[in-house]
Participant: 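One structure coming up, written as structure tokens, with questions to follow.
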Amino acid sequence: MPTVRVTINRTVYEDEVEPRLLFVHYLRDRLGLTGTNVGCDTSNCGACTVLLDGQSVKSCTLLAVQADGCEVTTIEGLASNGEWHPLQTAFHTEHGLQCGYCTPGMIMASVSLLAENPDPSEDEVRMGLEGNLCRCTGYHNIVKAVRKAASEL
């Protein structure tokens with residue numbers, strides 16, 4: 001079996017993995033990082049979004065072996081010194097969630113969006129998150145949360 005060495009949330013992991021193991025299952029089942037959700041296994045919903053070398057990716061379409069040598073941030077790695085990331089705080093204060101299942105993926109995609117565009121318009125936020133689905137909300141408060149975090153970053 002191949003060995004992967006990957007830095008996840010500032011911790012280095014080295015493991016033997018099945019060549020066909022999806023990265024989302026490596027995160028959840030092998031490492032216990034269950035904030036990354038499995039929604040569809042087809043890359044349609046974005047619930048499994050993580051940052052891979054700073055770019056948002058859907059971890060259900062990435063093999064664990066493809067992450068070898070990469071730096072990954074999951075929702076668990078956003079907080080710093082016990083303080084929530086501004087996007088986490090904004091999703092909380094602006095009620096940018098309902099059931100919360102899509103929230104980790106939405107936040108991770110938003111981190112990537114704001115890194116590329118620090119001051120997005122409402123339309124740019126909606127376009128930037130079009131690969132992440134929420135089945136509960138009308139996206140209004142999600143957009144408000146991203147724009148609020150953008151103003152604070």
Side-chain angles (χ1 to χ4, degrees), residues 4-13 22-28 31-153:
V4 296
R5 182 178 170 88
V6 60
T7 303
I8 302 171
N9 302 331
R10 297 170 293 283
T11 301
V12 176
Y13 296 90
L22 291 174
F23 193 55
V24 68
H25 295 300
Y26 176 72
L27 292 170
R28 291 179 60 80
L31 302 182
L33 297 171
T34 56
T36 303
N37 291 318
V38 179
C40 66
D41 277 333
T42 61
S43 81
N44 287 319
C45 76
C48 66
T49 303
V50 298
L51 300 180
L52 180 78
D53 292 334
Q55 298 295 311
S56 64
V57 297
K58 295 176 181 177
S59 61
C60 75
T61 58
L62 181 73
L63 297 171
V65 294
Q66 292 175 291
D68 186 36
C70 294
E71 190 165 319
V72 176
T73 305
T74 69
I75 192 70
E76 292 94 343
L78 276 187
S80 180
N81 297 322
E83 296 291 321
W84 281 355
H85 185 279
L87 272 161
Q88 292 171 304
T89 301
F91 266 71
H92 175 75
T93 60
E94 297 299 318
H95 309 288
L97 59 105
Q98 207 156 10
C99 83
Y101 200 82
C102 71
T103 305
M106 286 282 186
I107 290 174
M108 299 311 293
S110 297
V111 169
S112 183
L113 168 66
L114 294 180
E116 294 172 20
N117 182 355
D119 188 25
S121 67
E122 179 177 334
D123 287 341
E124 289 170 327
V125 171
R126 290 179 184 278
M127 286 186 66
L129 296 178
E130 69 184 358
N132 291 70
L133 301 178
C134 177
R135 292 173 175 92
C136 299
T137 72
Y139 298 93
H140 179 73
N141 287 347
I142 291 170
V143 173
K144 280 178 43 180
V146 174
R147 295 199 19 103
K148 178 178 178 68
S151 71
E152 295 173 1
L153 286 172

Participant: If we ignore hydrogens and angles and just use 3.5 Å, is the side chain of Y101 paired with the main-chain N or O of V38 as donor and acceptor?
Facilitator: yes

Participant: Give me the atom names and distance for the closest heavy-atom approach of A64 to V4.
Facilitator: O-CG1, 3.6 Å

Participant: Looking only at heavy atoms, which two atoms of T49 and A109 are closest? And how far apart?
Facilitator: CG2-N, 3.9 Å

Participant: Counting C-beta onward and ignoring hydrogens, is there a side-chain heavy-atom pair between S112 and E116 closer than 4.5 Å?
Facilitator: yes

Participant: Hey, is the main chain of C48 close enough, under 3.5 Å, to the side chain of S59 for a donor-acceptor pair?
Facilitator: yes

Participant: Give, for atom CD1 of I142 and atom CG of L97, the distance between the pair rounded to the nearest 0.5 Å.
Facilitator: 8.0 Å

Participant: Donor-acceptor pair, distance only, cut-off 3.5 Å: does the side chain of R5 make one with the backbone of G69?
Facilitator: no

Participant: Just so I know, are the side chains of T103 and F91 near enough to count as touching, which here means a heavy-atom distance under 4.5 Å?
Facilitator: yes

Participant: Output yes when E130 and R126 qualify as a salt bridge under the 4.0 Å nitrogen-oxygen rule, no when they do not.
Facilitator: no

Participant: Strictly distance-based, threshold 3.5 Å: is any side-chain N or O of T61 a donor or acceptor partner for the main-chain N or O of K58?
Facilitator: yes

Participant: State whether the side chain of Y139 and the backbone N or O of C134 hold a donor-acceptor pair below 3.5 Å, judged by distance alone.
Facilitator: yes

Participant: Excluding sequence neighbours, so at least two apart, what forms side-chain contact (heavy atoms from CB on, under 4.5 Å) with E124?
Facilitator: N117, P120, S121

Participant: Check C40 against C45 and note the closest heavy-atom contact, atom names and distance.
Facilitator: SG-N, 3.4 Å

Participant: For residues 64-84, which residue pairs qualify under salt bridge (Lys or Arg N to Asp or Glu O under 4.0 Å), counting only residues two or more places apart or in two chains?
Facilitator: none

Participant: For L62 and L22, what are the C-alpha separation, side-chain angles and deciding distance, and is it a side chain to side chain contact (heavy atoms under 4.5 Å, CB included)?
Facilitator: CA-CA 6 Å; L62 181 73; L22 291 174; over 6 Å; no

Participant: Run the side chain to side chain contact (heavy atoms under 4.5 Å, CB included) check on Q55 and L52 step by step: do they pass?
Facilitator: CA-CA 5 Å; Q55 298 295 311; L52 180 78; 5.7 Å; no

Participant: Of all residues at least two apart in sequence or in a different chain, which pass the side-chain contact (heavy atoms from CB on, under 4.5 Å) check with L113?
Facilitator: V125, V146

Participant: Test your reading of the model: is there a side-chain donor-acceptor pair from N37 to the backbone of A47, 3.5 Å cut-off?
Facilitator: no

Participant: Are any side-chain N or O atoms of D53 and backbone N or O atoms of C70, one a donor and one an acceptor, separated by less than 3.5 Å?
Facilitator: no

Participant: What are the two closest non-hydrogen atoms of L129 and S110, and how far apart are they?
Facilitator: CD2-OG, 3.6 Å

Participant: Would T73 and V50 count as a side chain to side chain contact (heavy atoms under 4.5 Å, CB included) if you check the C-alpha gap in whole Å, the side-chain angles of each, and the deciding distance to 0.1 Å?
Facilitator: CA-CA 6 Å; T73 305; V50 298; over 6 Å; no

Participant: Within this structure, what is the CG-OG1 distance for the pair N141 and T93, rounded to the nearest 0.5 Å?
Facilitator: 10.0 Å

Participant: Side-chain donor-acceptor pair under 3.5 Å between T74 and N9, yes or no?
Facilitator: yes

